[in-house]
Amino acid sequence: YAAQRVAVVPAQLWHADTIGWSRDAQWSALRPQLDSAITQALRDGGLGAKWAYAGDVVRAARRNPLYSKDPATIGVGRWRNELPKPGDDLSALVADNLRSISALGDTRHALIPVELRGDGDAVRLRVVLADTRSRSVVWAADLRTTAGPAMLQTLAQQLAALIIEP
């Protein structure tokens, strides 16, 4: 997928647990940091301007508010509990929201950072790659690292390693 144009939507959900994040920790601060780390890791991996990153997707949606809903809330809640399998159908809500994002960015696929979750002293990032035309899951993965100051960058680098061919 590195050779194709893909829309990277903003991180969707988070769950604070026992890793030192308080329940009132600011997702509004963590989300842009995660989105930025993903963008940087993918650009550093050589994707450059080939992909539409979270910031691009948000700007396109803001320029077209009647056509596109908020890309930070596309309705992926059902994927919090169970990792989807390749070939699974997207829910109608997710498929419809991704269709407008895909159209605005002239992309066929969408990379969705579903949830950032604290699991004890570890952090998990669940990601899904979806085909917006066939309305199905292409692949999904849970990326893991230990909690710490570089956790977002580490997760973003793991994601980039999944996508970018060596």
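- Under the 4.5 Å side-chain heavy-atom criterion for grouping Ile, Leu, Val, Met, Phe, Trp and Tyr, Leu47 is connected to Val6 within one hydrophobic cluster.
- Between Val123 and the choices Arg144, Arg117, Met151, the side-chain contact (heavy atoms from CB on, under 4.5 Å) rule is met once, by Met151.
- Note on Val114: it clusters hydrophobically with Ile74, by side-chain heavy-atom contacts below 4.5 Å among ILVMFWY residues.
- Inter-residue side-chain proximity for Lys50 and Gln4 is flagged as unmet; no heavy-atom pair is nearer than 4.5 Å.
- Atom CZ of Arg80 sits in a crowded spot, with more than 12 heavy atoms from other residues, nucleotides or ligands closer than 6.0 Å.
- Transitive grouping of hydrophobic side chains (ILVMFWY, heavy atoms separated by less than 4.5 Å) brings Trp14 and Val8 into a common cluster.
- A continuous path of hydrophobic side-chain contacts links Ile38 to Leu152 [ILVMFWY only; heavy atoms under 4.5 Å].
- With contacts defined as side-chain heavy-atom distances shorter than 4.5 Å, the pair Ile163/Trp51 qualifies.
- Two residues are said to be in side-chain contact when any heavy atoms from C-beta on lie closer than 4.5 Å; Thr146 and Asp121 fail this criterion.
- A donor-acceptor distance shorter than 3.5 angstrom exists from the side chain of Thr132 to the backbone of Arg108, with no hydrogens or angles considered.
- The CZ atom of Arg126 lies 12.5 Å from the CD1 atom of Ile112; values are rounded to the nearest 0.5 Å.
- Residue Gln12 holds its CD atom at 11.0 Å from CG of Leu34, rounded to the nearest 0.5 Å.
- From Arg62, atom CZ reaches atom OG of Ser68 across 11.5 Å, with rounding to the nearest 0.5 Å.
- Cluster membership check: Val58 does not share its hydrophobic cluster with Leu30, using side-chain heavy-atom separations under 4.5 Å among Ile, Leu, Val, Met, Phe, Trp and Tyr.
- The main-chain N or O of Leu98 is never found under 3.5 Å from a side-chain atom of Ser102 such that the two would form a donor-acceptor pair.
- With contacts defined as side-chain heavy-atom distances shorter than 4.5 Å, the pair Val76/Val128 does not qualify.
- Summarising the geometry, atom CZ belonging to Arg43 is positioned 5.5 Å from atom OH belonging to Tyr53; distances are rounded to the nearest 0.5 Å.
- Taking all atoms of both residues into account, the shortest heavy-atom contact from Thr145 to Gln158 is CB-NE2, 4.2 Å.
- Shortest non-hydrogen contact noted between Ala130 and Val138 is C-CG2, 4.1 Å.
- In this structure, the side chains of Val137 and Leu129 stay at 4.5 Å or more apart for every pair of heavy atoms.
- Contact detail for Leu42 and Ile164: the closest heavy-atom pair is O-CD1, 3.8 Å.
- When all heavy atoms of Ala7 and Ile101 are compared, the pair lying nearest together is CB-CG2, 4.0 Å.
- Taking CG from Asp56 and OG1 from Thr39, the interatomic distance works out to 7.5 Å, rounded to the nearest 0.5 Å.
- Between Glu115 and Leu125, every side-chain heavy-atom pair lies at or beyond the 4.5 Å cut-off.
- In this structure, Thr73 OG1 and Asn97 CG are separated by 7.0 Å, a value rounded to the nearest 0.5 Å.
- In this structure, the side chain of Asn64 does not engage the main chain of Tyr67 through any donor-acceptor pair within 3.5 Å.
- Nearest heavy atom pair, residue Ala11 against residue Arg31, reads O-NE, 2.8 Å.
- Side-chain contact between Leu116 and Leu155 is present, with heavy atoms from C-beta onward closer than 4.5 Å.
- A pairwise comparison of heavy atoms in Gly75 and Ser91 identifies O-OG, 4.4 Å as the closest pair.
- For Lys85 and Asp88, the salt-bridge test fails: no basic side-chain N is under 4.0 Å from an acidic carboxylate O.
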